[in-house]
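Each remark here refers to the structure printed beneath this line.
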Amino acid sequence: MNSEKRIFLVKGDITLLEVDAIVNAANSSLLGDGGVDRAIHKSSGTELLNECKKLNGCPTGNAKITKGYDLPANWVIHTVGPIWQGGTANEDAMLKDCYMNSLSLAVENKIESIAFPAISTGVYNFPLERATKIAVSTVKFFLKTNISIKRVVFVCFGTKAYETYKNNI
Ligand code: AR6
């Protein structure tokens, strides 16, 4: 199936999605904090935090996987987006790495459906339009050479993100 037909857009809370894996926009400690990270830990339960404690953190741009515990999703892929510093600190490449590495981990774990939040666009302040273009182009690029992933969902938390994604997909 061509890559575009496997990409979906939804508005809402990523913790409710019934997909094989949801992606968490974490920080390098992987111990949970605010935003979508907090929502995921709250819905998944303390077992998620216990598993995360054993992972020894994660560098920016990389990704690590845990089980989903009490979430509808079987897996959580934790990735660490770049903190926006004005655009000259390699932020674009690191954000692209988050999507590439999350998708590679998904393939390794036979995950067929995966949902992404808008990584780095909250607390980490990455400009939404610029981050959206990177998210969409990277996923399309990855799907061109991959046939095992059947569904990639971009989850938009609010109307602004939804409209921005809609205009860039
Ligand atoms: N479902 C989907 N998207 C959500 C949800 C949700 N339940 N909650 C928030 N978002 P952020 P970051 C959106 O701040 O910018 C944390 O403290 C939100 O509107 O969660 O990568 C971590 O521990 C925004 O569009 O992540 C790190 O310290 C997007 O998710 C830091 O924030 C990402 O916002 C990471 O910052």
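In what follows, residues are counted from 1 in the order of the sequence shown. What you see is a predicted model, and the numbers here were worked out from it, not measured in a lab.
At a threshold of 4.5 Å between side-chain heavy atoms, the hydrophobic network of Ile, Leu, Val, Met, Phe, Trp and Tyr places Val36 and Val19 in one connected group. Each of Val123 and Leu95 belongs to its own hydrophobic cluster when Ile, Leu, Val, Met, Phe, Trp and Tyr are linked at side-chain heavy-atom distances under 4.5 angstrom. Residues Val139 and Met100 share a single hydrophobic cluster, defined by chaining ILVMFWY side chains whose heavy atoms lie under 4.5 Å apart. In terms of hydrophobic clustering, with Ile, Leu, Val, Met, Phe, Trp and Tyr side chains grouped at heavy-atom distances under 4.5 Å, Leu103 and Val136 are assigned to a common cluster. Transitive grouping of hydrophobic side chains (ILVMFWY, heavy atoms separated by less than 4.5 Å) keeps Ile111 and Val10 in distinct clusters.
The nearest pair of heavy atoms linking Leu9 to Cys156 is CD1-SG, 3.5 Å. Summarising the geometry of Ser102 relative to Ile77, their closest heavy-atom pair is O-CD1, 3.6 Å, with the distance given to 0.1 Å. Taking each heavy atom of Ala26 and Asp37 in turn, the nearest pair found is CA-OD2, 3.7 Å. Pairing each heavy atom of Val80 with each of Pro59, the nearest pair is CB-O, 3.9 Å. Heavy atoms only, all atoms of each residue included: Val155 and Gly12 are closest at CG1-O, 3.3 Å. Scanning all heavy atoms of the two residues, the minimum distance from Met94 to Pro82 falls at CE-CB, 3.8 Å.
Under the 4.5 Å side-chain criterion, counting only non-hydrogen atoms from C-beta, Lys140 is not in contact with Leu143. Between Arg6 and Val152, the closest side-chain pair of non-hydrogen atoms is not below 4.5 Å. Residues Pro117 and Phe157 fail the side-chain proximity criterion, which asks for heavy atoms closer than 4.5 Å. Side-chain contact between Ser120 and Glu91 is absent, with no heavy-atom pair separated by less than 4.5 Å. A heavy-atom distance below 4.5 Å is not found between the side chains of Asn62 and Asp97. By the 4.5 Å heavy-atom criterion applied to side chains, Arg130 and Trp84 are counted as neighbours. Between Phe154 and Ile14 the shortest side-chain heavy-atom distance does not fall below 4.5 Å. Inter-residue side-chain proximity for Thr79 and Leu105 is flagged as unmet; no heavy-atom pair is nearer than 4.5 Å.
Between the NZ atom of Lys133 and the CG atom of Leu128 there is a distance of 10.5 Å, given to the nearest 0.5 Å. To the nearest 0.5 Å, atom CD of residue Glu47 and atom OG1 of residue Thr66 are 11.0 Å apart. For the atom pair CG (Asn24) and OG (Ser44), the distance works out to 9.5 Å, reported to the nearest 0.5 Å. In this structure, CG on Leu30 lies 10.5 Å from CD on Glu51, to the nearest 0.5 angstrom. Separating the CD1 atom in Ile65 from the CG atom in Asn109 is a distance of 4.0 Å, to the nearest 0.5 Å. Note that NZ of Lys160 and CD of Glu129 are 9.5 Å apart. Values are rounded to the nearest 0.5 Å.
At most 12 non-hydrogen atoms from other residues, nucleotides or ligands lie less than 6.0 angstrom from CD of Glu18.
Under a 3.5 Å cut-off, the side chain of Lys64 and the backbone N or O of Cys58 do not form any donor-acceptor pair. Between the side chain of Asn74 and the backbone N or O of Asp20 there is no donor-acceptor pair closer than 3.5 Å. At least one donor-acceptor pair closer than 3.5 Å links the side chain of Asn101 to the backbone N or O of Gly61. Lys96 contributes no side-chain N or O that, together with a main-chain N or O of Ile134, makes up a donor-acceptor pair within less than 3.5 Å. The closest donor-acceptor contact from the side chain of Asn27 to the backbone of Ser29 lies under 3.5 Å.
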* Please assess His78 against Leu48 for the test side chain to side chain contact (heavy atoms under 4.5 Å, CB included), listing each intermediate value before the final yes or no. => CA-CA 11 Å; His78 307 261; Leu48 177 65; 3.8 Å; yes
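Between Phe116 and the choices Tyr99, Phe142, Tyr165, the ring-ring contact (aromatic ring centres under 6.0 Å, His included) rule is met once, by Tyr99.
Looking at residues two or more places apart in sequence or on another chain, you find a side-chain hydrogen bond (donor to acceptor under 3.5 Å, both in side chains) between Asp13 and Thr15.
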